[in-house]
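Here is the structure we will look at.
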Amino acid sequence: MNILLNIFVGPVLNAARGVATSVNHAVGGFASNFMTALNPQITKSYAIGDLKYCHSLVERGSRFSFFILLLIAMPIFLETEFVLTLWLKQYPEHTINFVRLVLVLSMIDVLSQTLINLQTATGKIRNYQLAVGGVLLLNFPLSYLCLSLGFAPESTLMVAIIIAILCMILRLLFLRKMAQLSMRSFLKNVCVKVLVVALIASILPMILRYNLSYGWERLLIVSGASVLSGMLAIYYIGCSKGERQFIASKIVALKQKIFV
């Protein structure tokens, strides 16, 4: 992708893409730490044949990885211009769009992380790698085609987002046969839920963003509203009844420790 951007647009776009990648790495580290703790449990539960628990871990891990990323990424997504100005003062053209699209791509990719781990746990990866790897390789020719036709540089990331969605669907199709993972359940309990949570959580921050003046005050208010509305949406919409009870019990226990 860097070579393509350099050929069609110039090295300035590589700098913009580099900035976007740096932001993505900083944001994605939190979700990666969560997955590091969860992945061994997925492998173990599959190995002992406890598929029901394994599938619940896969779905729960995908949802909560997305939620963690959402809480961190939403303020950056809404206040990208101000954040970049604080960090770099001056930045290349297209950087704002690149950062936002990379964050969207990361949030789609994080949904597949538990699926990748479950696929690895099955030990049957040849056909999976050929299919998913083959689709991923389409990034290059499709991006080349878009740039050749005169589309904006952002089209390369749009291609990557579409391919990420296709790869997630392919993973679900493979795991439906290899690990008896319900594709319908994953789409309903993970994909639909995270989409609804993201949409509802973004309403208040977006209203504030477009009604407040640019600057520190807006950044702080929008960031606070993003975290608050995100946590409320996650708790009441993104969590199951059992998960809400578990979270509530932990909060009560924490309060008792603090005030005792």
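Hydrogens, waters and symmetry mates are skipped; everything else that's a heavy atom, side chains included, is used.
Within the structure, the side-chain hydrogen bond (donor to acceptor under 3.5 Å, both in side chains) test picks out no pair touching residues 190-205 (sequence neighbours left out). Identified under the salt bridge (charged side-chain N to carboxylate O under 4.0 Å, His left out) test for residues 55-74, with sequence neighbours left out: Arg60-Glu243, Arg63-Glu243. Applying the salt bridge (charged side-chain N to carboxylate O under 4.0 Å, His left out) test to every pair with at least one member in residues 139-153, sequence neighbours left out, gives no pairs at all. Pairs engaging residues 73-82 under the salt bridge (charged side-chain N to carboxylate O under 4.0 Å, His left out) rule: Glu79-Arg218 [sequence neighbours left out]. For residues 120-140, there are no salt bridge (charged side-chain N to carboxylate O under 4.0 Å, His left out) pairs, not counting sequence neighbours.
Both Phe66 and Val192 are part of a single hydrophobic cluster, where members link through side-chain heavy atoms under 4.5 Å apart. In the hydrophobic clustering of this structure, Trp87 does not group with Leu220; members are Ile, Leu, Val, Met, Phe, Trp, Tyr whose side-chain heavy atoms approach within less than 4.5 Å, directly or through other members. If you chain together hydrophobic residues whose side chains sit under 4.5 Å apart, Leu157 and Ile3 fall into the same group. Residues Phe151 and Val102 are members of separate hydrophobic clusters, defined by side-chain heavy-atom contacts under 4.5 angstrom among Ile, Leu, Val, Met, Phe, Trp and Tyr. Cluster membership for Ile48 and Tyr53, using ILVMFWY side-chain heavy atoms within less than 4.5 angstrom, is not shared.
Distance alone, capped at 3.5 Å, places no donor-acceptor pair between the Ser185 side chain and the Leu181 backbone. Under a 3.5 Å cut-off, the side chain of Ser106 and the backbone N or O of Leu103 do not form any donor-acceptor pair. Panel note: side chain His55, backbone Ala179; a donor-acceptor pair is recorded below 3.5 Å.
Side-chain contact between Lys89 and Leu84 is absent, with no heavy-atom pair separated by less than 4.5 Å. Taking the side chain as every heavy atom from C-beta outward, Phe77 and Val104 approach each other to under 4.5 Å. In this structure, Thr156 and Leu4 have side chains that are not in contact, with every pair of non-hydrogen atoms separated by 4.5 Å or more.
Scanning all heavy atoms of the two residues, the minimum distance from Ile108 to Ala164 falls at CG2-CB, 3.9 Å. Residues Val110 and Ser65 approach most closely at CG2-CB, 3.6 Å, considering heavy atoms. Between Val135 and Cys167, the closest heavy-atom pair is CG1-SG, 3.8 Å. Listed here is the closest heavy atom pair of Leu38 and Gly61: CD2-CA, 3.2 Å. In terms of heavy-atom proximity, Pro153 sits nearest to Leu5 at CB-CD2, 4.1 Å. The two residues Thr114 and Val58 make their nearest non-hydrogen contact at OG1-O, 3.0 Å.
Residues that satisfy the salt bridge (charged side-chain N to carboxylate O under 4.0 Å, His left out) test with Arg171, not counting sequence neighbours, are absent from this structure. For Tyr236, there are no ring pair (Phe, Tyr, Trp, His ring centres under 6.0 Å) partners at least two apart in sequence or on another chain. Partners of Phe8 by ring pair (Phe, Tyr, Trp, His ring centres under 6.0 Å), not counting sequence neighbours, listed by chain and number: Tyr144. For Gln129, there are no side-chain hydrogen bond (donor to acceptor under 3.5 Å, both in side chains) partners at least two apart in sequence or on another chain. Legend: residues meeting ring pair (Phe, Tyr, Trp, His ring centres under 6.0 Å) with Phe67, ordered by chain and number and at least two apart, are Phe64.
To the nearest 0.5 Å, atoms CD (Glu154) and CZ (Arg100) are separated by 11.0 Å. Here CZ of Arg244 is found 10.0 Å from CD1 of Ile237. Values are rounded to the nearest 0.5 Å. One distance of note links CG of Leu130 with CD1 of Ile125; it measures 10.0 Å at 0.5 Å rounding. Rounding to the nearest 0.5 angstrom, the gap separating the CG atom in Asn117 from the CD1 atom in Ile42 is 5.0 Å. Here the straight-line distance linking atom CD1 of Ile162 with atom OG of Ser155 works out to 10.0 Å at 0.5 Å rounding. Atoms CG and CG, from Leu142 and Leu147 in turn, are 11.0 Å apart once rounded to the nearest 0.5 Å.
Annotation for Phe140: atom CZ does not count as buried by contact number, only 12 or fewer foreign heavy atoms lying within 6.0 Å. Counting non-hydrogen atoms of neighbouring residues, nucleotides and ligands closer than 6.0 angstrom, the CE atom of Met158 reaches no more than 12 such neighbours. The number of heavy-atom neighbours closer than 6.0 Å to CE of Met231, taken from other residues, nucleotides and ligands shown, is 12 or below.
Other cluster members for Leu195: Leu199, joined by side-chain heavy-atom distances under 4.5 Å among Ile, Leu, Val, Met, Phe, Trp and Tyr.
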Yes or no on side-chain contact (heavy atoms from CB on, under 4.5 Å) for Ile234 and Cys239, after CA distance, side-chain angles and deciding distance? CA-CA 6 Å; Ile234 290 167; Cys239 294; 4.1 Å; yes

Evaluate side-chain contact (heavy atoms from CB on, under 4.5 Å) for Leu71 paired with Ser226, printing each intermediate quantity in order. CA-CA 7 Å; Leu71 291 175; Ser226 296; over 6 Å; no

For side-chain contact (heavy atoms from CB on, under 4.5 Å), just list the numbers for Leu86 and Leu219, CA-CA rounded to whole Å, side-chain angles, deciding distance to a tenth of an Å, and then say yes or no. CA-CA 11 Å; Leu86 287 175; Leu219 173 67; 4.1 Å; yes

Could you walk me through whether Cys191 and Met168 pass side-chain contact (heavy atoms from CB on, under 4.5 Å), step by step? CA-CA 11 Å; Cys191 297; Met168 183 175 68; 3.8 Å; yes

I'd like a table of donor-acceptor pairs (distance under 3.5 Å, sequence neighbours excluded) in which one partner is a side-chain atom from residues 203-210, with atom names and distances.
from: Arg209; atom 1: NE; to: Leu78; atom 2: O; distance (Å): 2.5

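Checking Asn139 against Ser143 by side-chain atom types alone, no donor-acceptor pair falls below 3.5 Å.
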